[in-house]
2 protein chains.
Amino acid sequence: MEYTINRLAKLAGVSTRTLRYYDELGLLCPARISSNGYRVYGQKEIDLLKQILLYRELGVPLEEIKKILSSKDFDEQVALEKHLSALLSKQRQLDLLIANVEKTIKELKGEIIMNDQEKFEGFIKKQIDDNEKKYGKEIRTKYGNDKVDRANNKLMGMSKEQHSELENLTDELNETLKAAFEQGDPSSEMAQKTYELHKKWLCFYWDSYSKEAHKGVAQMYVDDPRFTQYYDKIAVGCAAFLRDVVFVFCK
Amino acid sequence: MEYTINRLAKLAGVSTRTLRYYDELGLLCPARISSNGYRVYGQKEIDLLKQILLYRELGVPLEEIKKILSSKDFDEQVALEKHLSALLSKQRQLDLLIANVEKTIKELKGEIIMNDQEKFEGFIKKQIDDNEKKYGKEIRTKYGNDKVDRANNKLMGMSKEQHSELENLTDELNETLKAAFEQGDPSSEMAQKTYELHKKWLCFYWDSYSKEAHKGVAQMYVDDPRFTQYYDKIAVGCAAFLRDVVFVFCK
DNA sequence: TATAAACCATTACGCAACGTCAATGTCAAT
DNA sequence: ATTGACATTGACGTTGCGTAATGGTTTATA
């Protein structure tokens, strides 16, 4: 089957300008030029266009698509499987965004409150993708799957009052931690208060508390750069200090 | 909580350039400018940015986002529900694309064969993108620009009750149309009821009604495959029947 | 206290991927 | 023979930023 530029455009759902542009780039040239100067596309071009559009959909620049497709060691099947996983990832991302919008509607109705970070969950592609791929797995395997899930659920269904209480608690914890850290002794009174606040804070997220899990989390603060960064914002070394505190009182 | 430009950027997963650009456009201006000339963003700006990013995600141009958000009769909840349905539609689209890739892999393995049309299923964003971009424009030129704009605004700013009223009306219209169509006579009593419901329905979208415009729209149902498809879902030939009905009673 | 590192500002040029004329040629059908 | 749909090639315009370049401010460290 041969196609004129318009027919191909309609078939593929792109504009004729796009096809001419792709021709200009050398990305998708017609099979032949008819005697009247018209572009004529054949079967091969259809398949090629399809591949191009797939890459385009995934945000790959046209120049790069050109390189990829003209590369000698291009394996279509491998590429397709990559596409598939990329699309699945996109799907998860979209799920997050949808969840976000649903949450936002709830917030508008006054049923819940979202914190600033939550508000942008689902928008940030890289971070979440990375988070899930890089850290998500680690956390889930290392610290137990259901705990993380339940934490999420608990946050989801939190009431306004609970939410502001949590915020206050967070502030108090951070202040106390800072003060204790400045004193420098992980077994001081201030450190004990920090420990208790941290425990209380954790129980906001957890359904069941255990000292073992508490220690695990504290260790995580040091092991996982994401958490280290968070606590070290208060003061450098704070993450390690908090772990020490927890290990002192968790026995 | 106040944010500097960098912090907000990190929170939202955008670049500082983007935030400055949005400021320049007047789309998202900082809450205040600090004495040293730095931009300072507050809570309100965070929520606004979120809304902006949602619209952006759905492919709405920034200028239009600005108009929408600054519009007086902007109803956030209605907008969010629209977003939700748009995202769900996007999700379905993505499902199609994924199915396409899976099929393509099978084709490569020689398990099946795809025809040319199938090859592009899932690429063509008939539902959202085309709606807004391709036909949106056509409608604008063909049936008057401001009418469509006002229709959008009207939909945007519709209250809950109005919205559900519209839904009920839509259902009633479809049912009546179906019944009239089954009788087969475009000048029957049932047809007249259909006509009146359709007029009422149109007036939900229009500020001013004219028989000419009504006829134009009815003709469009036949001319424009998108609408034809919609009405022919009720029963094949329904679009043409509705046009006939309108032409009978619009005189 | 000096100095580097980090963060802020504005201005301005650049670019990808087309959209959109404009001017013109070709084909199919009335 | 003309009309209308469809084709061609320029060439300029647009959106949404990226990316310097240049210079002031704040914070951390030596």
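Quick caveat: nothing in here was measured; it's all calculated off a predicted structure. Residue numbers begin at 1 in each chain, while the letters A, B, ... track the order of the sequences.
In terms of position along DNA chain C, the nucleotide closest to B/Val40 lies nearer the 5' end than the nucleotide closest to the other residue of the pair A/Leu25 and B/Val40. Across the interface with DNA chain D, nearest-nucleotide mapping of B/Ser35 and B/Arg56 shows B/Arg56 to be the residue nearer the 5′ end.
Under the rule for a side-chain contact (heavy atoms from CB on, under 4.5 Å), the partners of A/Glu81 that lie at least two apart in sequence or sit in another chain are A/Gln77, B/Ile105. Judged as a ring-ring contact (aromatic ring centres under 6.0 Å, His included), and not counting sequence neighbours, the contacts of A/Tyr55 are A/His83.
Per the geometry, OH belonging to A/Tyr22 stands 8 Å off C1' belonging to C/dC18, to the nearest Å. Atom CG of A/Leu19 and atom P of C/dA17 are 15 Å apart (whole Å). In this entry the distance linking CG of B/Leu28 with P of D/dG16 reads 15 Å, nearest Å. Between the P atom of C/dC8 and the CD1 atom of B/Ile33 lies a distance of 13 Å, rounded to the nearest Å. What separates CD of A/Glu64 from P of C/dC15 is a distance of 17 Å, to the nearest Å. Atom pair A/Ile65:CD1 and C/dC18:C1' shows a separation of 14 Å (rounding to whole Å applied).
For residues 63-76 of chain A, no residue pair satisfies the salt bridge (charged side-chain N to carboxylate O under 4.0 Å, His left out) rule, not counting sequence neighbours. Each side-chain hydrogen bond (donor to acceptor under 3.5 Å, both in side chains) pair with one or both residues in residues 95-104 of chain B, not counting sequence neighbours, appears once here: A/Lys50-B/Asn100, A/Lys50-B/Thr104, A/Gln91-B/Asp95, B/Asn100-B/Thr104, B/Lys103-B/Glu118.
OP1 or OP2 of D/dG18 lies within a sub-4.0 Å distance of a side-chain N or O belonging to B/Ser15.
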Would you list the atom pairs, donor with acceptor, under 3.5 Å between side chains in residues 24-34 of chain A and any protein atom, with sequence neighbours excluded?
residue: A/Arg32; atom: NE; partner: A/Glu2; partner atom: OE2; Å: 3.4
residue: A/Arg32; atom: NH2; partner: A/Glu2; partner atom: OE1; Å: 2.9
residue: A/Ser34; atom: OG; partner: A/Asn36; partner atom: N; Å: 3.4
residue: A/Ser34; atom: OG; partner: A/Asn36; partner atom: OD1; Å: 2.7

Handout entry: CA sep, side-chain torsions, deciding dist, call: A/Ile68, A/Phe74, side chain to side chain contact (heavy atoms under 4.5 Å, CB included)
Key = CA-CA 7 Å; A/Ile68 293 169; A/Phe74 169 70; 3.9 Å; yes
Problem - Contact state string [nucleotides 2-15 of chain D, B base, S sugar-phosphate only, - no protein heavy atom under 4.0 Å] - result: ----BSBB-B----
